[in-house]
Amino acid sequence: MSGDRIFVHVKTSDPISEAGIVAALKARAEIWIADGGQTTPETVALIVADEVDEEALQLLRTVRSRNMQRAVVVVSELDDAGLMLAVESGVAGLVRRREATADRLVQVITSVHRGAGVVPPDLLGRLLRQVSQVQQQVLTPRGLRFNGLTDREEEVLKLVADGLDTREIASKLSYSERTVKNVLHDVTHRFHLRNRSHAVAYAIREGFI
């Protein structure tokens, strides 16, 4: 019966808002409203809150505990702190409540279901500025990047990808062989990878190197 519809699970602490959104989305042929027992990792969670605060994060944790990894948040207010908190929490789509028409919600849900991220255009510049500030003020002084790799880790992985062994990498970078081994161990452990070949393949696929 659901066919190729996108399964959507609506979660909010306000039953009136939930009822209104559910009613609007039920009328759309593209959407199937899923209850708690119908959710899968492909289900898009639609969270409605006044702002991105602890209450919203608790709703997000609740849907994540049910194995829903894609989330769209509809909020009344969204300041810079809330914007960063939403991004850091893995929210894929953000919609202001005043812009949350059925057409807009379906558009954002569809994009998120396909793997895209959606932020209101006027907030994108604010987000990029905040990301830049975090990079300059927090990560760079610690030798870190947003991809989770340090400069040293990136150097080592590039040389592994070039076919160099541990001794050759240590010589080229003026590190001890133990340091090179520790770097590779840290990367494989952090990203749950099997070995150095898997680490290189992962780094290339994700665009880290």
Peer 1: Would you name the heavy atoms of Leu25 and Ile31 that are closest together and state the gap between them?
Peer 2: O-CB, 3.8 Å
Peer 1: Measuring only between side-chain heavy atoms, which start at C-beta, is Val63 closer than 4.5 Å to Leu59?
Peer 2: no
Peer 1: Any non-hydrogen side-chain atom of Val8 less than 4.5 Å from a side-chain atom of Thr43?
Peer 2: no
Peer 1: Rounded to the nearest 0.5 Å, what's the gap from CD on Glu99 to CG on Leu105? Could you check?
Peer 2: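 Between atom CD of Glu99 and atom CG of Leu105 there are 10.5 Å.
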Peer 1: State which residues pass side-chain hydrogen bond (donor to acceptor under 3.5 Å, both in side chains) with Thr179; sequence neighbours excluded, sorted by chain then number.
Peer 2: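 Per chain and number, Thr179 pairs via side-chain hydrogen bond (donor to acceptor under 3.5 Å, both in side chains) with Ser176.
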Peer 1: Using the side chain to side chain contact (heavy atoms under 4.5 Å, CB included) definition, which of the options Val72, Val44, Val22 pairs with Val10?
Peer 2: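 Among Val72, Val44, Val22, the one that satisfies the side chain to side chain contact (heavy atoms under 4.5 Å, CB included) with Val10 is Val22.
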Peer 1: Nearest 0.5 angstrom please: Leu157 CG to Leu184 CG, how far?
Peer 2: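 Reported value, rounded in 0.5 Å steps: 6.5 Å.
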Peer 1: Please collect all salt bridge (charged side-chain N to carboxylate O under 4.0 Å, His left out) contacts where either partner lies in residues 51-69, sequence neighbours excluded, each pair once.
Peer 2: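 Listed once each, the pairs are Glu54-Arg61.
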Peer 1: Listed by chain and number, what are the side-chain hydrogen bond (donor to acceptor under 3.5 Å, both in side chains) partners of Thr188, not counting sequence neighbours?
Peer 2: none
Peer 1: Using side-chain heavy atoms (C-beta onward) and a distance below 4.5 Å, is Ile47 in contact with Val74?
Peer 2: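 No - every pair of side-chain heavy atoms lies 4.5 Å or more apart.
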Peer 1: Holding to side-chain hydrogen bond (donor to acceptor under 3.5 Å, both in side chains), I want the full list of residues that pass it with Thr110, two or more places apart in sequence or in another chain.
Peer 2: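 None.
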Peer 1: Closest approach of Ser89 and Leu57, non-hydrogen atoms and distance?
Peer 2: OG-CD2, 3.3 Å
Peer 1: Within the structure provided, determine whether Leu60 and Val91 are in side-chain contact (heavy-atom separation under 4.5 Å).
Peer 2: yes
Peer 1: Distance from Ile169 atom CD1 to Tyr175 atom OH, nearest 0.5 Å?
Peer 2: 11.0 Å
Peer 1: Go through the steps for Val156 and Leu173 under the test side-chain contact (heavy atoms from CB on, under 4.5 Å), then give the verdict.
Peer 2: CA-CA 8 Å; Val156 169; Leu173 297 179; 3.9 Å; yes
Peer 1: Which pairs pass salt bridge (charged side-chain N to carboxylate O under 4.0 Å, His left out) with one or both residues in residues 11-26, sequence neighbours excluded?
Peer 2: none
Peer 1: Applying side-chain contact (heavy atoms from CB on, under 4.5 Å) to Glu30 and Arg5, what does each step give before you reach the verdict?
Peer 2: CA-CA 5 Å; Glu30 310 96 317; Arg5 292 178 177 179; 5.9 Å; no
Peer 1: To check you understand the geometry: which heavy-atom pair defines the closest contact between Val52 and Ala86, and what is its length?
Peer 2: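 Looks like CG1-N, 4.0 Å.
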Peer 1: Flag the pair Val95 / Val73 as yes when at least one side-chain heavy-atom distance between them is below 4.5 Å, and no otherwise.
Peer 2: no
Peer 1: Can you list the steps and then say if Arg152 with Glu155 is a salt bridge (Lys or Arg N to Asp or Glu O under 4.0 Å)?
Peer 2: CA-CA 5 Å; Arg152 172 184 288 184; Glu155 286 177 333; over 6 Å; no
Peer 1: Pairs of donor and acceptor atoms involving the side chains of residues 159-166, under 3.5 Å and at least two apart or interchain, shall be tabulated with distances.
Peer 2:
| from | atom 1 | to | atom 2 | distance (Å) |
| --- | --- | --- | --- | --- |
| Asp165 | OD1 | Arg167 | N | 3.2 |
| Asp165 | OD1 | Glu168 | N | 2.8 |
| Thr166 | OG1 | Arg196 | NH2 | 2.7 |

Peer 1: Search all heavy atoms of Val187 against all heavy atoms of Ala199 and return the closest pair with its distance.
Peer 2: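 Scanning both residues, the minimum pair turns out to be CG1-CB, 4.3 Å.
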Peer 1: Mind jotting down which residue pairs meet the salt bridge (charged side-chain N to carboxylate O under 4.0 Å, His left out) criterion with at least one end in residues 175-189? Sequence neighbours excluded, please.
Peer 2: none
Peer 1: Tell me which donor-acceptor pairs under 3.5 Å the side chains of residues 33-42 have, and how far apart each pair is, sequence neighbours excluded?
Peer 2:
| from | atom 1 | to | atom 2 | distance (Å) |
| --- | --- | --- | --- | --- |
| Asp35 | OD1 | Gly37 | N | 2.9 |
| Asp35 | OD1 | Gln38 | N | 3.2 |
| Gln38 | OE1 | Asp35 | N | 3.0 |
| Thr39 | OG1 | Gly36 | O | 3.4 |
| Thr40 | OG1 | Glu42 | N | 3.1 |
| Glu42 | OE1 | Arg70 | NH1 | 3.0 |

Peer 1: Where do Gly93 and Val108 come nearest, in terms of heavy atoms and distance?
Peer 2: CA-CG1, 4.3 Å
Peer 1: Give me each pair satisfying salt bridge (charged side-chain N to carboxylate O under 4.0 Å, His left out) with a member in residues 101-113, each pair once, sequence neighbours excluded.
Peer 2: Arg28-Asp103
Peer 1: With a 4.5 Å heavy-atom cut-off, do Arg97 and Ser17 have their side chains touching?
Peer 2: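 Yes, close enough: below the 4.5 Å cut-off.
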